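Right, one structure below, let's go through it.
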Amino acid sequence: MRKRFTIAVLPGDGIGPEVIGEAIKILKTVESHLIDVTFDLTEYPCGAMCYATTGTALPEETFEACQRADAILLGAMGLPSVRLPDGREITPQLDLREKLGLYCGLRPVYLYHPSDTPLKGYQAGEIDLVIIRENTEGLFSSRSANNSADGEAVCDILRITRKGARRLFRAAFELARTRRRRLTLVDKANVLPSMAFFRRVFMEVAEEYPDVSTECSYVDATALYLVKCPHRFDVIVTENMFGDILSDLAAGLVGGMGMAPSADIGDEAAVFQPAHGSAPDIAGRGIANPVAAVLSVALMLEWLKHPSTIRGAAWIREAVKRIFENPNLRTPDLGGPLRTSEMGDLLAKQIDQICHVSTT
Ligand code: ATP
């Protein structure tokens with residue numbers, strides 16, 4: 001009997017549909033080599049264009065499908081030209097995180113080839129870290145607060161709860177245990193009471209994990225260290241807004257947003273999406289880098305925790321590794337000539353080869 005996984009696919013806006021097309025191509029390639037699992041994929045409307053045409057960014061039917069699905073695969077949401085009356089962009093991906101309790105934002109950062117980093121002297125694999133971003137509290141929790149301006153001032157609140165921080169830190173320690181057992185808390189405990197509290201809760205949880213070495217680092221200093229010595233980091237755990245900023249910085253160390261996958265994970269549901277936005281500056285031209293979306297599929301397959309999907313995730317990573325050994329095989333964001341679909345085709349072919357060798 002084949003295990004059937006239901007995947008809700010939300011391609012979204014801008015380059016979202018373009019990179020999701022390649023991610024699905026890769027998922028189907030993996031599926032073709034697995035005898036005991038299938039993926040049931042259905043696309044749903046969501047995002048800025050959906051808001052512009054229907055007046056809602058996350059339709060009820062889409063949300064219900066996400067609740068029913070085993071996993072959610074998302075492209076990118078939001079367009080600068082489509083805004084709420086107060087000027088903010090449309091961000092249903094943030095609503096999904098809050099509504100589904102996806103508190104753990106996982107952002108792996110891995111250097112596949114020395115030519116893709118602006119830093120000198122780093123070999124493949126020497127930048128290998130994961131940023132865990134708190135996803136449901138922090139400064140972003142102010143985004144839906146009713147703190148409208150009186151014409152003179154606006155105040156956004158950085159909210160940290162013991163429950164939210166504990167579950168986040170536990171996830172971070174558990175991940176560190178599967179890696180190099182080193183966890184860095186990034187905060188601003190020297191200035192903000194919320195961050196001093198965040199650090200206190202971190203210290204409490206750390207006592208449950210004596211096998212993981214820990215350090216605390218201020219967010220401003222961490223920005224410096226990430227550029228000067230990224231190899232020092234294994235797992236970083238941080239507040240929502242700090243994680244938002246540092247994960248883009250870290251993506252820049254390994255080739256940019258096109259190389260940055262992500263997963264937003266809760267206790268019962270998870271969304272997998274490239275860490276980048278809808279990139280309207282390159283949308284519709286067929287030149288977006290699909291690797292971040294493809295690597296997000298690998299995160300999804302791992303999270304589904306079936307022996308076959310875990311094998312599929314390893315095939316995808318190995319395929320990216322092999323393609324990236326040749327620095328000429330790149331999309332334009334990394335200085336190469338490949339179109340989005342050509343990168344997808346190469347990866348699919350590489351997976352076929354990996355599977356062919358492993359079965360002969
Ligand atoms: P958001 O705030 O929604 O995350 P953003 O403002 O961070 O979005 P992005 O859409 O991620 O912006 O784009 C930032 C830059 O990176 C843009 O110049 C964009 O063209 C580039 N970029 C993002 N994703 C890709 C990709 N997959 N391939 C190539 N370039 C990309």
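Please read all numbers here as calculations on a predicted model, not as lab measurements. Both ligands and their constituent atoms are indexed starting at 1 by order of listing. Because only heavy atoms are used, hydrogens play no part in the values below, and waters and symmetry mates are left out as well, while side chains stay in. For the single chain, residues carry numbers from 1 onward in sequence order.
Here the closest non-hydrogen pair linking Ala171 and Cys104 is CB-SG, 4.0 Å.
In terms of protein heavy atoms, atom 28 (N) of ligand 1 is closest to Asn289 N, 2.9 Å. At the top of the distance list for atom 9 (P) of ligand 1, counting protein heavy atoms only, stands Gly277 N, 3.5 Å. Of all protein heavy atoms, the one lying nearest to atom 16 (O) of ligand 1 is Met257 CG, 3.9 Å. What sits closest to atom 10 (O) of ligand 1 on the protein, heavy atoms only, is Ala279 N, 2.9 Å. Counting protein heavy atoms only, atom 25 (C) of ligand 1 is closest to Ile15 CD1, 3.8 Å. Here the heavy atom of the protein found nearest to atom 17 (C) of ligand 1 is Asp281 OD2, 3.5 Å. Counting only heavy atoms of the protein, atom 31 (C) of ligand 1 lies nearest to Ile282 CD1, 4.0 Å.
Using modelled atom types and a 3.5 Å distance limit, the side chains of His113 and Asn326 yield no donor-acceptor pair. Looking at Ser217 and Thr184, their side chains never bring a donor and an acceptor atom within 3.5 Å of each other. With 3.5 Å as the limit, one finds a donor-acceptor pair spanning the side chains of Glu174 and Tyr209. Under the 3.5 Å distance criterion, with hydrogens and angles disregarded, no donor-acceptor pair is assigned to the side chains of Thr340 and Glu22.
In the vicinity of Gly258, heavy-atom distances shorter than 4.0 Å reach the ligand 1 atoms 26 (C), 27 (N).
Shown here, atom 3 (O) of ligand 1 is in close reach of the protein: a heavy atom of it lies under 4.0 Å off.
Within the 4.0 Å heavy-atom cutoff, Ala288 counts among the residues contacting ligand 1. In this structure, Ser278 counts as a contact residue of ligand 1, since one of its heavy atoms falls inside 4.0 Å of the ligand. Residue contact check for ligand 1: Asp248 places a non-hydrogen atom closer than 4.0 Å to it.
No cation-pi contact links Arg97 to Phe140, judged by a cut-off of 6.0 Å to the six-membered ring centre and 45° from its axis. At least one cation-pi condition fails for Lys188 and Phe242: the charged atom is not both under 6.0 angstrom from the six-membered ring centre and inside a 45 degree cone around its axis.
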### Steps toward salt bridge (Lys or Arg N to Asp or Glu O under 4.0 Å) verdict (Arg2, Glu31)
CA-CA 11 Å; Arg2 282 184 152 202; Glu31 181 184 43; 5.3 Å; no

